[in-house]
Each structure stands twice: as structure tokens, then as C-alpha cells.
Amino acid sequence: MISETVIIGGGVIGLAIAIELKLRGTNVTVLCRDFQAAATHAAAGMLAPDAENIPNGAMRSLCWRSRALYPDWTRKLEELTDLNTGYRSCGILAPVFEESRGAGEQGSRGELAVSFSPLPLRPSASEESPAYWLNKEAIHQYQPGLGAEVVGGWWYPEDAQVDNKALAHVLRTAAESVGVELKDGITVEAFLQQQGQVVGVQTNAGIICAAHYVLASGAWSNELLPLPVLPRKGQMLSVRIPEVSPELPLKRVLFGQDIYIVPRRDRLVIGATSEDVGFIPNNTPEGIQKLLQAAIRLYPQLKHYPIQEFWWGFRPTTSDELPILGTSHCQNLTFATGHYRNGILLAPVTAALIADLILEQKSDPLLADFHYSRFQSQSSTSTPMLTHSANFSNGHHSAISPLPTDAINRVSTDSPLIIAGKTFQSRLMTGTGKYRSIEEMQQSVAASDCQIVTVAVRRVQTKAPGHEGLAEALDWTKIWMLPNTAGCQTAEEAIRVARLGREMAKLLGQEDNNFVKLEVIPDLKYLLPDPIGTLQAAEQLVKEGFAVLPYINADPMLAKRLEEVGCATVMPLASPIGSGQGLKTTANIQIIIENAGVPVVVDAGIGSPSEAAQAMELGADALLINSAIALSPNPAAMARAMNLAAVAGRLAYLAGRMPIKDYASPSSPLTGTITS
């Protein structure tokens, strides 16, 4: 049976949406890869929009709305399961240390500043939730046992808590009880798309199809789509409250400076670190030490409590720390990811809003503030592009004369470049890496007149230096994107990144773009491609419908084998990547060209226009040049020079070279000369 809705992600967000959809009459399947690593386990269950003092107005409204839903939502879950979620409307106390005095507004999480004013006063602009300032005497009476350095604090009576682990268990139990199909250990590897629709998801268990799909895979979301969602590891621990203790036990949730302590029935939950370390698992001595030091400073008596448990999880964070909610680039794919540290708080409202959107096509006005398109805003300023006149570094203006129009037309009209059935007039491809600025890259791409630009998927995905805003820097309605798998050392890595690159192209409007420049490079010194890994990855990607453009050593036998498995081109290197050594593999490239039935693109090592022209004169169908342009003192001028070299080399190849002779042959006729 094909499920009506497939939800990718079995954490608190995915399960909450699944239950809501199922209760409204929809068949739902949830695909979960690793329940224990979900962000649910990197939380203490605080429902703390007031203590967080969230600065973004839309986010604050979303969090308040979700907190208001919590009593009825948890009651419904408990009725379905006969289990307790641990929800309590307990309020949250935010103590302040001496050094925070006069620091201005409340800053980031746990970094409170004090404004000594008559209470009640809310630190933020809204009056929807009250907050009360407690001076030193009042706060120590209100919660005995606080550290001596605490000089006061804020009391947020409407904030609450839920037992995060209990909630996760209740959600899974509730999902099972209402008939949601839960599939554990399922890794989604790629979306399968056709004409603006998702037609299935490729998984480690085969293809799974549905009418609608929800991406709720948290920190793993950008392994499927180029969304700016990255993992932020959170470490936590708990200490056991002694059965016999002379001190009064902690009764309040403490939201301190870089620390929080949440009392439960027999333990205190302490958290959490926030580490930008990718998917590196496990607790570390440094992380636990920082938590314990901060917790003991805030509530000293816990230093005597026995440590009970350590754990960690990965929170999904976006560049603006706001979730991504709502419609996507595909009509039947909905986003619900990137909740960062507010996933548990936002579960009820996310479930309601997404269910309304899918089942009733009802889009709440708040969703507009969390749409993925906010990361794809086009630059409002135009960048001046180089024309045929360039200002070179010596200060002189040199005219670069264009070739005769009829000659250029002969190349572009009579012999276009055709790759995988798509026609291009330019035979020069360029890249986007190594430029000193986005502006230089934009100018160079324009000056090159290229129609294909290769983009390193991983560098865009991680916003590597020089790649911030890259997706928005070029007009993809005029330039064909060639996603590449740079940085991949194995066939498996390259296949996954290729799938991500295809989705990146679709997000930028190139719905039918299935191109990928395949690079499998385990050699970190010479950056030479792995022939076996390249062939393995190419075979799989061709089966998945990619137009594969493999980067290879100048190996004629490998080139022929790649052509036989269905690659759209072969791309032999002229010399090692970025070396500028020029054509060091001329003889092998000639053999590849002679035997190829697909376009041959010379890639890597070309350092000058003369070398570019030479490669085209050999009969290469196209060139891919990046470093020689980007590392030039004047990249835009060099880009134009490479364009002219490619045109000149192609014209020379088509025209045919004069025969080479062993003797001289005068260029002027000897007959009819004047003699004395």
C-alpha cells in the first residue's frame, strides 16, 4: 500500500506531525534513521520562550502559541497512551550574577543582563507574558541554595517544562496506538523528482512512495536538500538527588548563564553544550567539565550529588537560528526542520500548522516568516561586468578586440556543444572557487561568456569561505549549473553529494538539471582521482538518471569504460588540479579524443590561454578552467582571454592545421618577380 504521507524523520517533530495527520484521517508512514541521536535527546524539556527572551518577533509569537497548546496537547497524548509526559506549568527562574549588572538587554541563551526596575517588568517589548524581577534577598528566599554570587534574577511564571525522554516515549507509543506506520533504521538517500513533484524517496531499503512528503529529519536535512541546516551537538548529564540530604531540594527550573538545571522527581538534569563539531558523537571530558563548573557555581550543593548519566544529541540549527516551515520547491513536499533548541517547545504548533497546510491548503500567516526562500534572496545591487576593455594591473588600458562575428557564429552555429542532449554555444566551462570575492567571480563568469558553471556542493552546503551567498550570486536562468562532488574520497560519498547537488539545482529553478561533475579523490597531496571509485560511482549515478561528467586521469581505457557505462562526457586532466602546469598528458588526451563517442572536456592544470588554445586544437570538445582565472591578478580579464583562446583553438581545429614540412616553403610566389 502506498501511504498518503511519508514523514522523513522520527524525532519529536516528525512524530507530532504524524499523530496529528493520522488523527485527521490520513495514512502516515514515518521513516526514522537513528531515534537515539535525535535532538529530543539533547534537551531538558524546558518550554522557555520567556526565559530565552527570543528577539525575533515572529519566533516569539510562534513559541508563545505553542506553549499555550501544551496543556491540551499533552493531555491528549496521555489519554491515548495512559503514560505521563511530565508536563508541568512550573515557571522558570533565571538567576543573575554580579558581573551581568548593567550589561543592557538580555543576550543569547543563559546570558542575562539586569535592568533594576520596579516589578513587574517584562524585559522584552511585549506584554503578553509577565516577568518579575527578584532582588538578591527575594531570590535567595524564593529558592534557597543558590550560589553566593547570585544578585537577583527574573521569574517567568508562564514558562513550563516537560520530561523530554518521557515525551519521546509517549509520542512513539501514541503514534503506534493510532496506526502510524513506524519504520526504524531507514536512511533516506535521495528524493526522486519529476516535473516539480517528488515521486519517491530512495532509501537503504529501496524506493518508498507516497502522495505527500514531509522533511522533518532535523540535523540531517541538508544531506538530502541544500538547506542551511547543520548539526549542533549538545552534551548533557544528570545527577541523582540523595534520598537523605540536609539541604532543601531544588524546586525551580534554573536558567542561568550558559547553564540550566531542571529538577525532576529524583534527579537534576544539567545542560547543555552547543558545539559546532558536525556529527562527532559521544560525551567529552571538556564538555562535561564546563557543564559541572557552571552548574556548581549556580547551585553549589549539587557538587555532592552522585552523577547518574551522560548523553548527547544533535540539534538542527539554521544560519538565523529559526526553523524552516511550510511549502518547498516541490508541490508535494513540506518542510518542518531546523528547530534548533526549540524543537520540543514547538512540536504542538508545528504539527497543527503543517497538518493544516497539507490537508486544508491553509497557510497560517506566521509561516511566511519561516519559509525556506528567506535564504535565497537575490542581491539588490547589480555588479559591473567586464566587457572587451579591461584595466590591467600595469595601469594601461588595453583593448581586447572581439573576433569577427562571422567566425564566432561559425563555431556557435555550425558546431554547438551537446552534452546529454542539451545544447551549449560556449565551449568554456568555469568554476566558482578560489576567487578573492564573490564580485570577482561574478565579473569573471560574465567575461568568460560561459554557459556552464561548476559548483562544489559541499562548499555551498557548509558555506565555506568564498562560497557564502554563492547560490544567489549568479543568474541561474542563464547559466547551467554543474554540481560537483569535490571533497569526496569514496564512491559512496560522491553518490550522496551528487544527489544533494541535483536537489540544489532544482531549488534554484533548474528542474530538469541532472548533471553532475563526478570527483572521487582520496589522494590529498596530488589530488589525483581514484579510477576504481570513479567507475563505481559513475555506474550507480547513471542508473539513477544522472548525466555524469567524470573527472579522470588521462587514461584512454578508463575513459572508454566510463563511456560504455553511460557517462555523458569524459574529463581527463591536463595536469594536477590547480598546478598550472599546462598540458602534460597530450598524447593520452589525443588517444581519448580519437576513440571517444562522447564529448571530451579537458579539465585541470591549464594555466594560460595558449595552453587552452592548444587543448582545443587537439580536438577537445570543451575546457573547464577555474584556478587559472581565479588566481590571476585580473580574473575578469583572464576569463575573457580564456574565452577567446577556446574560440581560437576550436576555430583552428575546424579549419585544419597546415602540413608540417622538413624544409622551408616561401610564403610569396617566386614566379613573376622583377629581375635585373
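None of these values were measured; they are calculated from a predicted model.
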Legend entry - Donor-acceptor under 3.5 Å (Gln442 side chain, Ala473 main chain): yes
Inset, instruction - Please name the pair of heavy atoms, one in Asp621 and one in Pro599, separated by the smallest distance, quoted to 0.1 Å. - result: OD2-CA, 3.4 Å
Inset, instruction - Kindly check if the number of other-residue, nucleotide or ligand heavy atoms within 6.0 Å of OH (Tyr653) is above 12? - result: no
Inset, instruction - Would you check if there is a donor-acceptor pair between the side chains of Ser274 and Tyr340 at a distance under 3.5 Å? - result: yes
Legend entry - Contacts of Ala547 that satisfy side chain to side chain contact (heavy atoms under 4.5 Å, CB included) - sequence neighbours left out: Ala420, Asn514, Phe515, Ala568
Inset, instruction - Taking Thr490 for its side chain and Glu493 for its backbone only, find out whether a donor-acceptor pair lies under 3.5 Å. - result: yes
Inset, instruction - Answer yes or no: is there a donor N or O on one side and an acceptor on the other, between the side chain of Thr334 and the main chain of Thr327, under 3.5 Å? - result: no
Inset, instruction - Check for a donor-acceptor pair, side chain of Ser632 on one end and backbone N or O of Ala628 on the other, with a separation under 3.5 Å. - result: no
Legend entry - Backbone N/O of Lys478 and side chain of Gln451: donor-acceptor pair under 3.5 Å: no
Inset, instruction - For the pair Asp530 (side chain) and Pro522 (backbone), establish whether a donor and an acceptor sit closer than 3.5 Å, ignoring hydrogens and angles. - result: no
Legend entry - Exam field: side chain Asp555 to backbone Leu558, donor-acceptor pair closer than 3.5 Å: yes
Inset, instruction - Give the C-alpha distance, both sets of side-chain angles, the deciding distance and a yes or no for side chain to side chain contact (heavy atoms under 4.5 Å, CB included) between Glu492 and Arg496. - result: CA-CA 6 Å; Glu492 292 76 16; Arg496 182 176 63 80; over 6 Å; no
Legend entry - Closest heavy-atom pair and its distance - Gln581, Pro576: OE1-CD, 3.9 Å
Legend entry - Parallel, tilted or perpendicular: ring planes of Phe279 versus Phe314, cut at 30 and 60 degrees: perpendicular
Inset, instruction - Grab the two heavy atoms, one from Val497 and one from Cys488, that are nearest each other, plus how far apart they are. - result: CG2-SG, 3.5 Å
Inset, instruction - Verify the neighbour count for atom CD of Gln197: are there more than 12 heavy atoms of other residues, nucleotides or ligands below 6.0 Å? - result: yes
Inset, instruction - Spell out, as yes or no, whether a donor-acceptor pair under 3.5 Å connects the side chain of Thr318 to the backbone of Leu322. - result: yes
Inset, instruction - Considering non-hydrogen atoms only, spot the tightest contact between Val520 and Ala491 and give its length. - result: CG1-N, 4.0 Å
Legend entry - Test: Arg33 and Glu223 ion pair at under 4.0 Å: yes
Inset, instruction - Indicate yes or no for a side-chain donor-acceptor contact from Ser579 to the backbone of Ser575 under 3.5 Å, with no hydrogens or angles considered. - result: no
Inset, instruction - Taking ring-ring contact (aromatic ring centres under 6.0 Å, His included) as the test, write out the residues that go with Phe546, two or more places apart. - result: none
Legend entry - Derivation and outcome, side chain to side chain contact (heavy atoms under 4.5 Å, CB included), residues Tyr372 and Leu507: CA-CA 10 Å; Tyr372 81 97; Leu507 278 172; 3.7 Å; yes
Inset, instruction - Report yes if the side chains of Leu325 and His339 come closer than 4.5 Å at any heavy-atom pair, otherwise no. - result: yes
Inset, instruction - State whether a side-chain donor-acceptor pair under 3.5 Å links Thr284 with Glu286. - result: no
Legend entry - Basic-acidic side-chain contact under 4.0 Å: Arg499, Glu544: yes
Legend entry - Minimum heavy-atom distance Pro316-Ala219, with the two atoms named: CB-N, 3.3 Å
Legend entry - Charged N-O contact under 4.0 Å between Arg374 and Asp320: yes
Legend entry - Test: Arg561 and Glu539 ion pair at under 4.0 Å: yes
Legend entry - For His329 against Phe335, the heavy-atom pair lying closest together: ND1-CZ, 4.3 Å
Inset, instruction - Please test Arg640 against Asp449 for salt bridge (Lys or Arg N to Asp or Glu O under 4.0 Å), starting from the C-alpha separation and ending with a verdict. - result: CA-CA 8 Å; Arg640 182 61 183 164; Asp449 284 339; 3.0 Å; yes
Legend entry - Test log, rule side chain to side chain contact (heavy atoms under 4.5 Å, CB included), inputs Thr485 and Lys517: CA-CA 7 Å; Thr485 63; Lys517 182 192 174 192; over 6 Å; no
Inset, instruction - Under the side chain to side chain contact (heavy atoms under 4.5 Å, CB included) rule, what do Glu617 and Arg650 come out as? Steps first, then yes or no, please. - result: CA-CA 6 Å; Glu617 288 172 21; Arg650 180 65 179 174; over 6 Å; no
Legend entry - Side-chain donor or acceptor of Thr430 paired with backbone N/O of Ile625 under 3.5 Å: no
